[in-house]
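Data block below; observations after.
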Amino acid sequence: MNVRIDPSSLSFNMWKEIPVPFYLSIYFFDIVNPDAILLGEKPQVQERGPYVYREFRHKSNITFNDNDTVSFLEYRSFQFQPDKSHGLESDYIVMPNILVLAAAMMMENKPMSLKLIMTLAFSTLGERAFMNRTVGEIMWGYEDPLIHLINKYLPNMFPFKGKFGLFAELNNSDSGLFTVFTGVKDFSRIHLVDKWNGLSKVNFWHSDQCNMINGTSGQMWAPFMTPETSLEFYSPEACRSMTLIYKESGTFEGIPTYRFVAPSTLFANGSVYPPNQGFCPCLDSGIQNISTCRFNAPLFLSHPHFYNADPVLAEAVLGLHPNQEEHSLFLDVHPVTGIPMNCSVKLQLSLYIKAIKGIGQTGKIQPVVLPLVWFEESGAMEGEPLQTFYTQLVLMPSVLHYAQYVLLALGCVLLLIPIIHQIRSQPRCSGGQTLSRVARLADRACFPKAFLSGEGHPLPRSPDLQVLTAVGLTTLLFAFRTLKKRVNLLSLAAASTIN
């Protein structure tokens, strides 16, 4: 009960303010040959970064409901970490102009007259297919007259009114109103999401299964996991639920963990994995079309460098080198408590671009899914919380584990000493008599009350032997209580340690 979400539980403060430092690492794909791309040549990119930000999270507006749920908003803010980064926010990066190329794709099936008007507008505003901006501008936003023009003549095309940046909506903002089960009344549903922004399912996709909100909010899971357990969570940024599967057991700083990874079908298209058909229209397998939840811009989500995707995607862009070690994601979770010890979630955002007849800025661009950026959200328990967690959930159970056997052995020895002493102290007699006495002594060992009181057979009563017997019984009782305490300690999880 100590891992439930309740102000009286020992783990509540940990749930409210997770004591794990999170970092957001950004890697940009710097375009090497923008002019050549406009002439129809294959894109070439160079990875730049990481640009690392410390991520701060805190929950607010915590409201407990009558149906065993709690609602909350979690706010996030980011602070640049120059000492952990390979570069500065003032570095310039050549990137696709998302506003121009996305708007061009949206105009593909519009009348030619509108396309010519847009071409003229782009030229007047000095807009081009590629731009050269700083890391800070790309991340947190920049002023662009095109935004004001689009909002004036094509209202509601974009959800933003001021600056445009890839991560502008994440900084100093919340990820939506989560309502999750507390586990107070039904422990089996602890941490599971009941609603997000008041919705039991989203409406971005084309099937009920894809629109379902499954799992937790992605921070903690139910305790007592097994290798058959899977990790499900809803990601507002991806607009969908995701499932990770068990890979292997391991340890993190001496703490036993289960490692969960993404299945190969996570971003597979509908032809490869039919349950994902609801996320289509799809292109090649291994990338997910998220245009329906990103203002209809042709944006795609995948693993970095198109890892675990159709090889044609990486082959279409020079400079990509997908590999499992650098580009796969994982979560290391303590199976008894459901608390993540170490995590690294890596995803890539790409833009589908091509030449649009009638819009001159797109030139002769060949159809290609062009990577924009990939990012890693990572966090690992460290410092005092880690040490306390280790002490309470690894060290103490290990000590109790061995102590119970030592006490058990000691108790047996202390019980055997009086029995052996009594046997050896009896006068020698016939074999039958000796066996009879041994049997009576064994009976008294099993029924110590009679042995201590002297009831039954008339054996000599020695105070020293009575003390040894009492100590032996007490030691055995303590050994069994130690075993029970060890089981209870594991079930309490780390809740009483990290606060």
Side-chain angles (χ1 to χ4, degrees), residues 22-38 43-56 76-104 122-151 158-173 237 294-295 297-301 304-305 317-320 346-351 353 361-362 365 369-378:
F22 287 95
Y23 293 92
L24 177 66
S25 301
I26 307 294
Y27 298 81
F28 291 95
F29 292 99
D30 192 15
I31 305 296
V32 176
N33 60 339
D35 294 333
I37 296 174
L38 289 170
Q44 182 176 354
V45 298
Q46 179 182 3
E47 184 178 283
R48 300 272 300 276
Y51 297 88
V52 182
Y53 295 82
R54 173 70 191 274
E55 183 177 347
F56 298 92
R76 290 178 293 179
S77 60
F78 300 89
Q79 187 177 81
F80 186 61
Q81 307 288 301
D83 58 317
K84 296 180 180 294
S85 303
H86 291 171
L88 302 173
E89 284 192 304
S90 57
D91 293 349
Y92 276 87
I93 306 289
V94 177
M95 291 270 291
N97 191 329
I98 300 175
L99 294 174
V100 169
L101 295 175
F122 287 161
S123 299
T124 303
L125 297 174
E127 300 286 352
R128 303 181 62 185
F130 297 93
M131 62 183 186
N132 188 18
R133 293 193 177 273
T134 67
V135 169
E137 289 176 327
I138 297 171
M139 285 288 297
W140 312 118
Y142 55 89
E143 293 284 352
D144 195 313
L146 180 59
I147 297 177
H148 303 291
L149 180 67
I150 292 176
N151 285 333
F158 295 136
F160 39 83
K161 304 301 180 184
K163 293 183 176 181
F164 171 75
L166 290 178
F167 291 84
E169 295 181 353
L170 297 182
N171 198 22
N172 297 314
S173 64
E237 290 73 32
R294 286 293 178 265
F295 52 87
L299 293 169
F300 288 80
L301 198 64
H305 288 242
V317 180
L318 299 176
L320 298 182
K346 303 170 183 177
L347 296 172
Q348 176 178 294
L349 189 65
S350 304
L351 181 70
I353 63 174
Q361 282 75 12
T362 60
I365 299 175
V369 180
L370 188 61
L372 302 174
V373 61
W374 75 268
F375 53 92
E376 174 190 16
E377 273 196 299
S378 60

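- Considering Asn33, Val317, Leu320, Ile37 in turn, Asn33 is the only one that fulfils the side chain to side chain contact (heavy atoms under 4.5 Å, CB included) rule with Gln44.
- Judged purely by atom type and a 3.5 angstrom limit, Asp91 uses its side chain to pair as donor or acceptor with the backbone of Leu88.
- In summary, the aromatic rings of Tyr53 and Trp140 are positioned with their centroids under 6.0 Å apart.
- By the 4.5 Å heavy-atom criterion applied to side chains, Ile31 and Pro43 are not counted as neighbours.
- Under a cutoff of 6.0 Å and an axis angle of 45°, Arg48 and Phe29 do not form a cation-pi pair.
- In terms of heavy-atom proximity, Leu24 sits nearest to Glu55 at CB-OE1, 4.4 Å.
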Exercise. Would Glu237 and Phe375 satisfy side-chain contact (heavy atoms from CB on, under 4.5 Å), going step by step from the backbone distance to the final call?
Worked result: CA-CA 13 Å; Glu237 290 73 32; Phe375 53 92; over 6 Å; no
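- Minimum heavy-atom separation, Val52 to Lys84: CG2-O, 3.3 Å.
- With contacts defined as side-chain heavy-atom distances shorter than 4.5 Å, the pair Arg133/Asp144 qualifies.
- At most 12 heavy atoms of other shown residues, nucleotides or ligands fall within 6.0 angstrom of atom OH in Tyr92.
- Counting heavy atoms from C-beta on, the side chains of Phe164 and Leu146 never come closer than 4.5 Å.
- Between Phe78 and Phe167, the distance separating the two ring centers is not shorter than 6.0 angstrom.
- For Arg128, the CZ atom is loosely surrounded, since the number of other residues' heavy atoms within 6.0 Å does not exceed 12.
- A heavy-atom distance below 4.5 Å is not found between the side chains of Glu127 and Gln361.
- Judged by distance alone, with hydrogens and angles left aside, the side-chain atoms of Gln79 form no donor-acceptor pair with the main-chain N or O of Ser77 at under 3.5 Å.
- Thr134 and Glu89 get closest at one heavy-atom pair: CB-O, 3.5 Å.
- Side-chain contact between Met95 and Phe130 is absent, with no heavy-atom pair separated by less than 4.5 Å.
- Taking each heavy atom of Lys163 and Ile147 in turn, the nearest pair found is C-CD1, 4.2 Å.
- In this structure the side chain of Lys346 reaches within 4.5 angstrom of the side chain of Trp374, judged on heavy atoms.
- Minimum interatomic distance between Ser350 and Gln348 (heavy atoms only, all atoms of both residues): OG-NE2, 3.0 Å.
- Side-chain contact between Val45 and Asp30: absent, with no pair of heavy atoms (C-beta onward) separated by less than 4.5 Å.
- With rounding to the nearest 0.5 angstrom, the CG atom of Asn171 is 9.5 Å from the CZ atom of Arg76.
- Note that CG of Leu101 is 9.0 Å distant from CG of Leu370, once rounded to the nearest 0.5 Å.
- With rounding to the nearest 0.5 Å, the separation of CD in Gln46 from CD1 in Ile93 is 9.0 Å.
- Ring centroid separation for the pair Tyr27 and His86 does not come in under the 6.0 Å cut-off.
- Leu299 places a side-chain heavy atom less than 4.5 Å from the side chain of Leu351.
- Nearest approach of Ser85 to Phe80, heavy atoms of both residues: OG-CE1, 3.4 Å.
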